[in-house]
Asks: 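Structure below; questions to follow.
Labels below follow one simple rule: chain letters A, B, ... track the order of the sequence lines, proteins then strands, and each chain is numbered from 1. Side-chain atoms are counted along with the backbone in the values below, which use heavy atoms only and exclude waters and symmetry mates. Bear in mind the structure is a predicted one, so any value in this text is a computation, not a measurement.
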Amino acid sequence: MTVHPVRPEFVPDPALSQTEMEELQRDIAAAARFEDEMDVLPEAITRTGDAPDVDQTTLSTSADDRTEPPFIAGVDQAFVDDKAVSAIVVLQNGEVIERVSAVERTEIPYIPGLLSFREGGAILAAFAELETDPDVVLVDGSGRIHFREAGLATHIGVTLDVPAVGVAKNLLCGTPEQSLDERYPEGTRIPITADDSVETCPDGTVIGHALQTRQYDSPNRHINPLIVSPGHRVSASTAADIVEATADGYKLPEPTRLADSYADEAKATVE
DNA sequence: GCGACAG
DNA sequence: ATCTTGTCGC
């Protein structure tokens, strides 16, 4: 079956002018849904070895009461010269169900705010190889935390019309409600609100969270929080719930970690 | 002009 | 993102 664009008009075209790219992003943001519209609830996400302590049939929002835990996909890229390698790893109940990768030439350099036009082609090529239909996709980078609310996770999510979450290591824009330089305990969530740099929504709108998925025991050194934002069909708080539920002892959620290493592995195959 | 910016 | 050994501090 494989995963293909449902909105072909949103497929990122690196040949567009910067102004056209920004226009497209505004259209994508208008089509994006930053509220919960998934088929499964985050409570249904299980880790490896987790006992199915909850009745899966109560964890679905769809009529066709599913009995299976959700499919969570992680997407990440690696680069070799002018080639982008995109890797997707799908997990269910903490176990790898499928892995695919694709290689595409990068046509433009990295430009803050226009990342999807550099990496999007490779990502969509990888999805075209994917047999599994993921319930939600974790994309490396921003979703709604973006100048036009159309980061990479939003672009991919809306184009494929799949629930998507943005998982970034650094903040692109927006204002954290508390300093991100302090040491916070695991589980801490700090809202990121829109400011003047987010030109498409009112100041103060919560567009994502800093999420402390891991922390050292000693007060001396600390780990920086992840930056999590909704991509498509998820709310900001549910996006954080999903990342928290898929994190398993490391800073990055498992689908993202595994996609990261698989991308590196696939990179060795590229010349 | 300066700042500031995912991967 | 990528180039890369040791090393600081659990």
Side-chain angles (χ1 to χ4, degrees), chain A residues 12 14 18 21-22 25 28-29 32 74-88 101 103-124 126 137-157 164-176 180-181 183 185-186 192 194-200 207-211 214-232 236 239 243 249-253 256-257 259-268 270:
Chain A
Q18 184 152 331
M21 290 179 180
E22 293 172 358
Q25 290 182 326
I28 288 166
V75 190
D76 190 38
Q77 286 68 244
F79 299 84
V80 190
D81 299 325
D82 64 340
K83 306 240 189 315
V85 182
S86 181
I88 303 176
S101 66
V103 181
E104 292 279 292
R105 283 190 49 174
T106 53
E107 305 293 344
I108 61 172
Y110 164 68
I111 302 168
L114 299 177
L115 184 63
S116 57
F117 294 91
R118 172 175 166 81
E119 307 187 354
I123 295 174
L124 294 178
V137 177
L138 272 40
V139 181
D140 66 307
S142 274
R144 193 183 189 183
I145 296 179
H146 181 272
F147 310 125
R148 291 163 292 279
E149 296 180 277
L152 182 60
T154 302
H155 202 138
I156 297 302
V165 172
V167 180
K169 300 182 195 70
N170 296 288
L171 188 62
L172 173 62
C173 61
T175 304
L180 299 186
D181 300 322
R183 180 208 152 79
E186 286 182 7
I192 308 294
D195 54 28
D196 291 333
S197 71
V198 183
E199 32 195 65
T200 50
I207 53 178
H209 293 87
L211 174 65
R214 192 190 169 192
Q215 188 52 278
Y216 293 136
D217 293 318
S218 64
N220 295 21
R221 207 153 50 102
H222 70 275
I223 297 174
N224 295 136
L226 281 178
I227 307 299
V228 180
S229 62
H232 184 45
V243 171
Y250 296 88
K251 172 172 173 172
L252 291 176
T256 304
R257 282 187 64 233
D260 185 90
S261 61
Y262 186 42
D264 271 329
E265 193 179 308
K267 188 171 67 167
V270 182

Asks: Take the protein atom CG of A:Leu171 and the nucleotide atom P of B:dG7, then report the distance between them rounded to whole Å.
Replies: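 To the nearest whole Å, that distance equals 10 Å.
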Asks: Over how many whole Å does the gap from A:Asn170 atom CG to B:dA4 atom C1' extend?
Replies: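 About 13 Å, once rounded to whole Å.
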Asks: By centroid distance (under 5.5 Å) and plane angle (under 30°), are A:Tyr110 and B:dG7 in a stacked arrangement?
Replies: yes
Asks: Give the dot-bracket string for DNA chain B, reading 5' to 3', where a pair is Watson-Crick or G-U wobble with both distances under 3.5 Å, ( ) marks pairs inside the strand, [ ] marks pairs crossing earlier ones, | marks a partner on another strand, and . marks unpaired.
Replies: .......
Asks: Rounding to an integer number of Å, can you tell me how far A:Asp76 CG sits from C:dA1 P?
Replies: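 Checked: the CG to P distance equals 7 Å.
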Asks: Which nucleotide in the list C:dG9, B:dC5, C:dT2 gets nearest to the side chain of A:Pro112?
Replies: B:dC5
Asks: Expressed in angstrom and rounded to an integer, what is the separation of A:Leu226 atom CG from B:dG7 atom C1'?
Replies: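 Result: 15 Å.
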Asks: From C-beta outward on A:Leu172, which listed nucleotide comes closest to its side chain: C:dT2, B:dG7, B:dC5?
Replies: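 Nearest listed nucleotide: B:dC5.
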Asks: Is A:Ser142 near enough to B:dA6 that one of its side-chain N or O atoms lies under 4.0 angstrom from OP1 or OP2?
Replies: no
Asks: Rounded to the nearest 0.5 Å, what's the gap from CZ on A:Arg183 to OG on A:Ser218? Could you check?
Replies: 6.5 Å
Asks: Taking the side chain as every heavy atom from C-beta outward, state whether A:Asn224 and A:Lys169 have any pair of such atoms under 4.5 Å apart.
Replies: no
Asks: Without decimals, in angstroms, what is the distance between A:Leu114 CG and C:dA1 P?
Replies: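 To the nearest whole Å, that distance equals 18 Å.
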Asks: I need the NZ-P distance between A:Lys169 and B:dA6, as an integer number of Å.
Replies: 12 Å
Asks: Mind calculating the distance between NE2 (A:His146) and P (B:dC5) to the nearest angstrom?
Replies: 15 Å
Asks: Checking A:Asp76 against A:Tyr262 for the side-chain contact (heavy atoms from CB on, under 4.5 Å) test, could you report, in this order, the C-alpha distance in whole Å, the side-chain angles of both residues, the deciding distance, and whether it holds?
Replies: CA-CA 9 Å; A:Asp76 190 38; A:Tyr262 186 42; over 6 Å; no
Asks: Salt-bridged, A:Asp264 to A:Lys267, with N to O below 4.0 Å?
Replies: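 Between A:Lys267 and A:Asp264 there is a salt bridge, with a charged N closer than 4.0 Å to a carboxylate O.
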Asks: If you find the nucleotide of DNA chain C closest to A:Ser218 and the one closest to A:Phe79, which residue's nucleotide is nearer the 5' end?
Replies: A:Phe79
Asks: What nucleic acid atoms does A:Ala153 come within less than 4.0 Å of, heavy atoms only: base, sugar-phosphate, or nothing?
Replies: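 Here A:Ala153 touches no strand at all.
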Asks: Using side-chain heavy atoms (C-beta onward) and a distance below 4.5 Å, is A:Val75 in contact with A:Ser86?
Replies: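 Yes; the side chains approach each other to less than 4.5 Å.
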Asks: Nearest 0.5 Å, what's the OG-CD1 distance between A:Ser142 and A:Ile192?
Replies: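 The CD1 atom of A:Ile192 is 9.5 Å from OG of A:Ser142, to the nearest 0.5 Å.
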Asks: How close or far is atom C1' of B:dG7 from atom NE2 of A:His155, stated in whole angstroms?
Replies: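 For the pair A:His155 NE2 and B:dG7 C1', the rounded distance is 16 Å.
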Asks: Counting only side-chain N and O atoms of A:Lys267, is one of them less than 4.0 Å from OP1 or OP2 of C:dA1?
Replies: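 So the side-chain polar atoms of A:Lys267 never come under 4.0 Å of the phosphate oxygens OP1 or OP2 of C:dA1.
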Asks: Spell out, as yes or no, whether a donor-acceptor pair under 3.5 Å connects the side chain of A:Thr256 to the backbone of A:Gly74.
Replies: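 Side chain of A:Thr256 to backbone of A:Gly74: no pair is present.
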Asks: A:Pro219 or A:Ala78: which one's nearest nucleotide on DNA chain C is closer to the 5' end?
Replies: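 It is A:Ala78, whose closest nucleotide lies nearer the 5' terminus.
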